[in-house]
Protein chains: 2
Amino acid sequence: MALRTATQRRELCRDCPIARVADALGDPCSLLIIRDLIDEPRRFSELEESLGMSTRTLTLTLRRLQKQGIVSRHERKTLPLYVQYRITRKGAAFGAVVDAMRSYGKKYL
Amino acid sequence: MALRTATQRRELCRDCPIARVADALGDPCSLLIIRDLIDEPRRFSELEESLGMSTRTLTLTLRRLQKQGIVSRHERKTLPLYVQYRITRKGAAFGAVVDAMRSYGKKYL
DNA sequence: CGGCATCCTACGCGATACTG
DNA sequence: CAGTATCGCGTAGGATGCCG
């Protein structure tokens, strides 16, 4: 992160909704998780493979996104375990952002 | 970055415009620079103060954004130096993304 | 003012191994 | 399968000092 301290970051975020969004996403991979889950619910391992990230980072990111109310976790206690991650309503509203990014990417990158 | 290697990241980016955008932005502060410059051209020191980042990071980020054709640099060789950064046409097209983020931030964060 | 070079540290993140 | 725990490295990025 390029913003000095956590407190200073919060200062910047107080007034600017864009900064808040950037802060909420935290890192590029959160966005890709959201993109995937908006498409359809996914299992842990599916995300793992789709994004090519370590279990550690994926776990941490998913945990953060849950705390933010952007994704939810649904567990079926079979054996082996079956866990599904879904986008929440709040998370689905990111669709507009994702769409804007998709349009931009297609056109300019 | 949560994507294993640079090559792997490029692989992911090949097919997905969203991943390409996320990769182009690189970090949250790029987005804030773009937000500022879409508003109006800024001087180096103005960005520095607005974003609260070190000269090092600001320099590196601006350089990258220039290379990507998102911002341009305009220098008036007075003394003291007067340098202005402006958004390019390609950069201005991020306006849609920025707007989507602003809406989201206002509503949900 | 608008940088660039250097040094240095925190920590992000992958790799690995182990559990329920 | 879906994680948790630990270790260890790489590097992003702040602090500082100097220059045109």
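All values reported here derive from a predicted model rather than from experimental measurement. Here is how names work: the chains are called A, B, and so on, in the same order as the sequence lines, proteins then strands, and each is numbered from 1.
For dG14(C), the OP1/OP2 oxygens have a side-chain nitrogen or oxygen of Thr57(A) closer than 4.0 Å. An OP1 or OP2 oxygen of dG14(C) is reached within less than 4.0 angstrom by a side-chain nitrogen or oxygen of Ser54(A). Of the side-chain N and O atoms in Thr78(B), none sit less than 4.0 angstrom from OP1 or OP2 of dC1(C).
The salt bridge (charged side-chain N to carboxylate O under 4.0 Å, His left out) contacts involving residues 76-89 of chain B comprise Glu75(B)-Lys77(B), where partners must be two or more places apart or lie in separate chains.
Between Met53(B) and Leu32(B), every side-chain heavy-atom pair lies at or beyond the 4.5 Å cut-off. Contact of the Leu51(B) side chain with the Arg42(B) side chain is not registered, since no non-hydrogen atoms from C-beta on lie closer than 4.5 Å. Looking at Ile33(B) and Leu58(B), their side chains come closer than 4.5 Å, going by heavy atoms from C-beta outward.
Distance Met53(A) CE to dA15(C) P: 12 Å, rounded to the nearest Å. Distance CG (Leu51(B)) to P (dG2(C)): 14 Å, rounded to an integer number of Å. The separation between Leu58(B) atom CG and dG3(C) atom C1' is 10 Å, rounded to whole Å. Rounded to whole Å, the distance from CG on Leu65(B) to C1' on dG3(C) is 16 Å. When rounded to the nearest whole Å, the span between CD of Glu49(B) and P of dC1(C) equals 11 Å. Across the protein-nucleic acid pair, Arg64(A) atom CZ and dC13(C) atom C1' stand 14 Å apart, rounded to whole Å. Between Asp27(A) atom CG and dT11(D) atom P the separation is 18 Å, expressed in whole Å.
Residue whose closest nucleotide on DNA chain C sits further toward the 5' end, between Leu60(A) and Pro80(A): Leu60(A).
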Run the side-chain donor-acceptor check on residues 101-109 of chain A: report pairs under 3.5 Å with partners two or more places apart or on a different chain.
unit_1	atom_1	unit_2	atom_2	d
Arg102(A)	NH1	Asp99(A)	OD1	2.8
Ser103(A)	OG	Asp99(A)	O	3.1
Tyr104(A)	OH	Lys90(B)	O	2.6

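Ser50(B) contributes no side-chain N or O that, together with a main-chain N or O of Glu46(B), makes up a donor-acceptor pair within less than 3.5 Å.
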Discussion item. Strictly under 4.0 angstrom, non-hydrogen atoms only: write out the protein contact profile of nucleotides 2-7 of chain D, one letter per nucleotide from the 5' end, B, S or -.
Written reply: SSB-B-

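Hydrophobic clustering, with ILVMFWY side chains joined whenever heavy atoms are under 4.5 angstrom apart, groups Ile38(B) together with Leu65(B).
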